[in-house]
Amino acid sequence: MGESRQPHLVVFTGAGISAESGIQTFRASDGLWADHPVEEVATPGAWRRDPARVLRFYDARRDQVRRARPNPAHKALAALETQGFRVSIITQNIDDLHERAGSRRVLHLHGEVLKARSTVDPRLRYPLPRGGIRLGDVCDKGSQLRPDVVWFGEAVPLFADACELAAEADLLLVVGTSLAVMPAASLLEYAPFDAPCVLVDPEAEALAPPGVTRLSQPAGKGVPALVRHWRREGRLWVPETLLE
Ligand code: APR
């Protein structure tokens, strides 16, 4: 790490970082996919068959997001930016809690539920219409508006950008993800060989790939603890004492 260069923390977050804010994760036994089969609400086929149902599902996600507040994990990451660190966040989450905590560089790999996009052209993105997306709301090309989220079976347009960021990491911090979804989970492989990688997740022991340091704690505890060490020393490292 050069002296003149800001230490670059790249953070890769999943649903677990927002769990303590009251947003449901996906794959827990009481998670979202238990009550809402993926193929009925989060695929292009579901959208073709029953767009009203898909819109209702995302209306409910949006309500949950609006009621939620950033928790200490989101806030600690935002605070680090004000302390001479470069922090880039790559999130799989469609909520806006990183932004509301104050993080400035946030890449939404799987889109944003508070935005709308065209059905025929993913580049045509819009602020959410008042009252949410309704059947009959159309884009500039005349196609139905849909939530600006990436569904199963669709390409992940920002994946290459995310890989470029990961390749610049001095430390890759992974938080609250089961690493079950590709290509997102393969992001870890793009970090530089000598950059430490830490997973903060209550299930870290079971989930972390080889070579990844496991911090088996909820995000609201583990992330602020790491950030305190980094702020105190002005560098990114893995404090052994946290892992005991
Ligand atoms: N702190 C940190 N992690 C937590 C917490 C917490 N308080 N509570 C739960 N977790 C962890 C779980 O242990 C699990 O590993 O959060 C993870 C959530 O995993 P998933 O539900 O699979 O969510 P995620 O990995 O974000 O899913 C990836 O899959 O369904 C798609 O597009 C959706 O972006 C999503 C993608």
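In listed order, ligands and their atoms are each counted from 1.
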Using a 3.5 Å cut-off on N or O atoms only, is [X] in polar contact with ligand 1?
X: Asp201; result: yes
X: Pro218; result: no
X: Asn93; result: no
X: Ala219; result: yes

Roughly how far, to the nearest 0.5 Å, is the CD1 atom of Ile89 from the CG atom of Leu77?
->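 Nearest 0.5 Å value for the CG-CD1 distance: 5.0 Å.
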For ligand 1, which atoms have a heavy atom of [X] less than 4.0 angstrom away?
X: Ala19; result: 8 (N)
X: Gly176; result: 2 (C), 3 (N), 16 (O), 17 (C), 18 (C)
X: Glu20; result: 1 (N), 6 (C), 7 (N)
X: Glu203; result: 13 (O)
X: Thr177; result: 15 (O), 17 (C), 24 (P), 25 (O)
X: Leu207; result: 15 (O)
X: Ser178; result: 15 (O), 17 (C), 19 (O), 20 (P), 22 (O), 25 (O)
X: Gly14; result: 26 (O)

For ligand 1, indicate whether the residue Gln92 contacts it via side chain, backbone, both or neither (heavy-atom separation under 4.0 Å).
->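 Both parts.
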Thinking salt bridges, do [X] and [Y] make one under a 4.0 Å N-O criterion?
X: Glu112; Y: Arg125; result: yes
X: Arg86; Y: Glu168; result: yes
X: Glu81; Y: Lys75; result: no
X: Asp59; Y: Arg56; result: no
X: Arg5; Y: Asp170; result: yes

Judged by non-hydrogen atoms, does Pro202 sit under 4.0 Å from ligand 1?
->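 For ligand 1, residue contact (heavy atoms, under 4.0 Å) with Pro202 is present.
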Which heavy atom of the protein is the closest neighbour of [atom], given with residue, atom name and distance?
atom: atom 26 (O) of ligand 1; answer: Ala15 N, 2.8 Å
atom: atom 35 (C) of ligand 1; answer: Phe26 CE1, 3.5 Å
atom: atom 32 (O) of ligand 1; answer: His110 ND1, 3.4 Å
atom: atom 30 (O) of ligand 1; answer: Trp33 NE1, 2.8 Å
atom: atom 6 (C) of ligand 1; answer: Gly16 O, 3.3 Å

In terms of ring plane angle, is the pair His98 and His74 parallel, tilted or perpendicular, where the classes change at 30° and 60°?
->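 Taking His74 first and then His98, their aromatic rings stand perpendicular (interplane angle over 60°).
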Whether Trp33 and Phe57 hold their rings parallel, tilted or perpendicular, with breakpoints at 30° and 60° |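 Taking Phe57 first and then Trp33, their aromatic rings lie parallel (interplane angle under 30°).
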Just by modelled atom types, is the Leu145 backbone N or O under 3.5 Å from a matching donor or acceptor in the Tyr126 side chain?
->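 Absent.
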Could you please spell out the steps behind the side chain to side chain contact (heavy atoms under 4.5 Å, CB included) verdict for Thr119 and Cys139?
-> CA-CA 8 Å; Thr119 293; Cys139 73; over 6 Å; no
Would you indicate which of Lys221, Arg27, Gln24 comes nearest to atom 27 (O) of ligand 1 when only heavy atoms are counted?
->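 Of the listed residues, Arg27 has the closest heavy atom.
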Decide yes or no on side chain to side chain contact (heavy atoms under 4.5 Å, CB included) for Val11 and Val175, but give the supporting numbers first.
-> CA-CA 8 Å; Val11 190; Val175 187; 4.2 Å; yes
Going through the checks in order, is the side chain to side chain contact (heavy atoms under 4.5 Å, CB included) test met by Arg117 and Arg123?
-> CA-CA 7 Å; Arg117 56 159 268 205; Arg123 290 166 308 178; over 6 Å; no
